[in-house]
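Got a structure here, written out as structure tokens. Questions coming.
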Amino acid sequence: MAGLRDWVDAAPPGAKLPSTRTLVARYGASPVTVQKALRTLTSQGTVETRPGVGTFVRTVRVARPNDHEWQTAALGSVRNHMPQLSTALRTTPNDVIALHSGYPDRGLLPERLVRSAFVRAARGEAAVDRPPSAGLPDLQAWFAAELGSTTPSGVSPPAPSDVVIFPGSQSALSTTFRAIVGTGGPLLMESPTYWGAILAAAQVGVEIVPVPSGVHGPDPDDVARAFARTGARAFYVQPNFANPTGGQWSPALIDQVLETARRHGAFVVEDDWAHDFGITDDPVPMAARSDTGHVIYLRSLTKSVSPAVRIAGLVVRGPARRRILADAQAVSMYVSGVLQAAALDVVTQPAWRTYRRGLRHQLAARRDLLIGALRDHAPALHLDAVPRGGLHLWVRLPDAIDLAVFARDCEAAGVVVAPGNEWFPAEPAGPYIRLNYSGSNPGAYPDAARIIGETLARHPG
Ligand SMILES: Cc1ncc(COP(=O)(O)O)c(C=O)c1O
């Protein structure tokens, strides 16, 4: 209600605001909207309500700077140097073309399934019960069965009791790093890798050991050397449709890395974040090939069901499960049963399969549209491989470019890109940007590619 705000700004201190009924008539707004606007002005300290008398423009409106300096002494210096907050989580104005986000557009989600799942969940026991801390048994069984469905003969599938439900993968990563590696312990990570995993590791205070990786995964000799050199207990990996590279490991590489982990008595933490985003390939998790407890497997539903249904399942076999569950209990005790019931409802509807088939076609079309537009308008960009799944293109810029300035100039011209530096746990191997092809308005991709190409042409490199 900009009109009311202007009126208040122009009014002398102490002036009485007209009644709600008058404001409704004057601004053609509903009483709810007027009340909301008044609450906002009150919380901003611009107006004050005197019960039984009315609402008044505040007499003293000069904002007094708050004195928070005492917190500097109380907090002390930063113990674990955290990476900056991610570009992928930024909310941007509607008039820019947003290619930076980590999430699929709402139009790609199974919205009808999600809404009716919430209605049913609200009517059921989940709305009033406390679920077990490892999760609703039926949801545990679903995650176990999903992984079990890709397990080859000769490998025993996971049991429902091997599954721990988390409020999203991010908290499962923090818990796993804390419970398995611990503060100060070494953790191998592909480089580049998911910024959130880097953040979780930094927050736990583990020592990140980067292992170079790309669209075909890491060199198995590098992995073996890193384990031998550091004595690391764990390796965080994304063998299918990695964020950010879109890369996929061959079955041979998966077996080699598994064997190396076994030899070193170490865990592999497999993040299967894009399991539902296969385009030309159906991912077979590394965890399906091992029943020895070496692979801790993480699958999230946040992106494929809804960002409002933050549910992930962690499959962990052996004594490690107790450690992980103990940490999860310390952090959050249990995950809301309503969210778990809603997630389970969505993924067990027959329409879930239909939705996933449709999503595959939509992602393929969007990916190819963006690649084609970049080829036409920004031929200096380099794509190592067309991703067979996932949500992003990982694009290399000419070497001499100043990435931060380039990203800023793209944004000024109307396109938000994610600078690739955020995905490197150490120095970046080159200037990259990550472009999301699952955001809103794919019709704008040609414009976005043109703007990126023009911005590139203005930069030395
Ligand atoms: C590789 C990877 N792991 C985990 C996550 C976080 O998943 P969630 O949203 O379930 O916390 C993301 C989100 O972008 C991701 O890209």
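Both counts, for ligands and for their atoms, begin at 1 and track the order of listing. Predicted model only: the values in this text are computed from it and were never measured.
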Inset, instruction - Using the side-chain hydrogen bond (donor to acceptor under 3.5 Å, both in side chains) rule, collect all pairs that involve residues 151-160, keeping only residues at least two apart or in two chains. - result: Ser156-Asp291

Inset, instruction - If the plane angle is over 60° it's perpendicular, under 30° parallel, otherwise tilted; pick one for Trp394 and Phe424. - result: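 Plane angle between 30° and 60°, so tilted.
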
Legend entry - Contacts of type side chain to side chain donor-acceptor pair (under 3.5 Å), residue Ser304, not counting sequence neighbours: Asp276

Inset, instruction - Compute whether any side-chain donor of one residue and acceptor of the other, for Trp423 and Asn243, lie under 3.5 angstrom apart. - result: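 Indeed, the side chains of Trp423 and Asn243 share at least one donor-acceptor pair under 3.5 Å.
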
Inset, instruction - Could you note down all residue pairs passing side-chain hydrogen bond (donor to acceptor under 3.5 Å, both in side chains) where residues 158-171 supplies at least one of them, sequence neighbours left out? - result: Gln170-Tyr194

Legend entry - Protein residues having a heavy atom less than 4.0 Å from any atom of ligand 1: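 Around ligand 1, where the cutoff is 4.0 Å for heavy atoms, the contacting residues are Tyr103, Gly168, Ser169, Gln170, Tyr194, Tyr236, Gln238, Asn243, Asp271, Trp273, Ser300, Thr302, Lys303, Arg310.
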
Inset, instruction - Start with the C-alpha distance between Arg360 and Asp282, add both sets of side-chain angles, then the distance that settles salt bridge (Lys or Arg N to Asp or Glu O under 4.0 Å), and finish with yes or no. - result: CA-CA 10 Å; Arg360 178 188 290 261; Asp282 286 315; 2.4 Å; yes

